[in-house]
Amino acid sequence: MRDYPEDFLSKVEASLTRKSLRELAKERVILVAMEGDAIIGTASLGRDQVHAVFVHPARQGQGIGARLMEAVESEARARGERELILYASLSAVPFYEANGWRTVREHRDGGARLVVMTKALGEQRARPDNGVGIADAAV
């Protein structure tokens, strides 16, 4: 199953320029998961909304997404946020549900079907390091 239609992906790709990412970094905390010099995942936080959570397909299912989300949630707690919202692809819903997110409603963005999800922020759970570094991105 394909989560995003080609025209939606083309629009997103066209919007990701060096200049637009620099501007975006002024409004969001952008986190990057690295293994050596390779970027294997990203997530970002703008106020109370989580954006752009991606893990390289070859690395999915290894806890990278969960670690990125823990870092995003920790940052949001530090800012005093009480609840977060995100727009998930259909195939990502089980991942978010397993990490404490709940579905609010379905949303359409052009031809893309997304699921609006929220999570109340409680106490942070400690989690052992699995060797994948998460760092703020420099654009």
Side-chain angles (χ1 to χ4, degrees):
M1 174 179 81
R2 208 168 171 162
D3 285 328
Y4 303 107
E6 196 61 41
D7 61 332
F8 180 85
L9 292 174
S10 294
K11 181 175 81 172
V12 170
E13 183 180 20
S15 74
L16 297 175
T17 65
R18 183 177 291 264
K19 182 180 178 184
S20 71
L21 290 172
R22 279 194 179 122
E23 290 301 311
L24 197 57
K26 293 176 185 177
E27 301 170 12
R28 297 183 190 169
V29 172
I30 301 172
L31 301 172
V32 177
M34 308 240 354
E35 189 169 67
D37 291 336
I39 295 173
I40 57 173
T42 66
S44 65
L45 175 67
R47 293 190 188 178
D48 66 345
Q49 187 171 347
V50 178
H51 302 270
V53 180
F54 297 104
V55 173
H56 189 283
R59 298 304 311 273
Q60 291 177 359
Q62 298 175 14
I64 297 162
R67 297 231 10 241
L68 282 165
M69 293 305 295
E70 287 171 2
V72 164
E73 292 168 20
S74 178
E75 174 67 22
R77 276 189 208 90
R79 293 183 187 180
E81 298 294 343
R82 296 178 183 262
E83 184 176 64
L84 292 176
I85 187 170
L86 61 76
Y87 291 74
S89 65
L90 296 176
S91 64
V93 170
F95 164 78
Y96 291 115
E97 287 176 338
N99 286 283
W101 290 76
R102 67 177 184 82
T103 297
V104 175
R105 62 182 166 80
E106 197 168 300
H107 173 79
R108 288 211 177 257
D109 185 347
R113 288 178 56 203
L114 303 171
V115 178
V116 179
M117 303 185 82
T118 61
K119 182 175 183 177
L121 298 176
E123 292 298 312
Q124 186 168 1
R125 297 184 310 245
R127 193 175 175 115
D129 184 359
N130 70 358
V132 176
I134 308 291
D136 284 324
V139 180

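On a predicted model such as this, the values are computed, not experimentally measured, just so you know.
In terms of the side chain to side chain donor-acceptor pair (under 3.5 Å) criterion, E27 has no residue partners (sequence neighbours excluded). Partners of H107 under the ring pair (Phe, Tyr, Trp, His ring centres under 6.0 Å) rule, at least two apart in sequence or in another chain, are Y87. Annotation: salt bridge (charged side-chain N to carboxylate O under 4.0 Å, His left out) contacts of E97 (sequence neighbours excluded): none.
When all heavy atoms of V93 and A88 are compared, the closest pair comes out as CG2-CB, 4.3 Å.
From L31, atom CG reaches atom CD of E70 across 12.0 Å, with rounding to the nearest 0.5 Å. Note that CE of M34 and CD1 of I64 are 12.0 Å apart. Values are rounded to the nearest 0.5 Å. Interatomic distance, CD of E35 versus NE2 of H56, reported as 11.0 Å (0.5 Å rounding).
Sorted by first and then second residue, the pairs that involve residues 78-92 and meet salt bridge (charged side-chain N to carboxylate O under 4.0 Å, His left out), not counting sequence neighbours, are E75-R79.
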Scan the side chains in residues 39-51 for donor-acceptor partners under 3.5 Å anywhere in the protein, sequence neighbours excluded, and list what turns up.
| from | atom 1 | to | atom 2 | distance (Å) |
| --- | --- | --- | --- | --- |
| T42 | OG1 | A52 | O | 3.1 |
| S44 | OG | H51 | O | 3.3 |
| H51 | ND1 | R28 | NH2 | 3.3 |

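Using a 4.5 Å heavy-atom threshold, the side chains of R108 and R113 count as touching. Contact annotation: the side chain of M69 approaches that of W101 to within less than 4.5 Å [non-hydrogen atoms, C-beta and beyond].
K119 places no side-chain N or O within 3.5 Å of a backbone atom of Y96 that could act as its donor or acceptor partner. Judged purely by atom type and a 3.5 angstrom limit, Q60 uses its side chain to pair as donor or acceptor with the backbone of V55.
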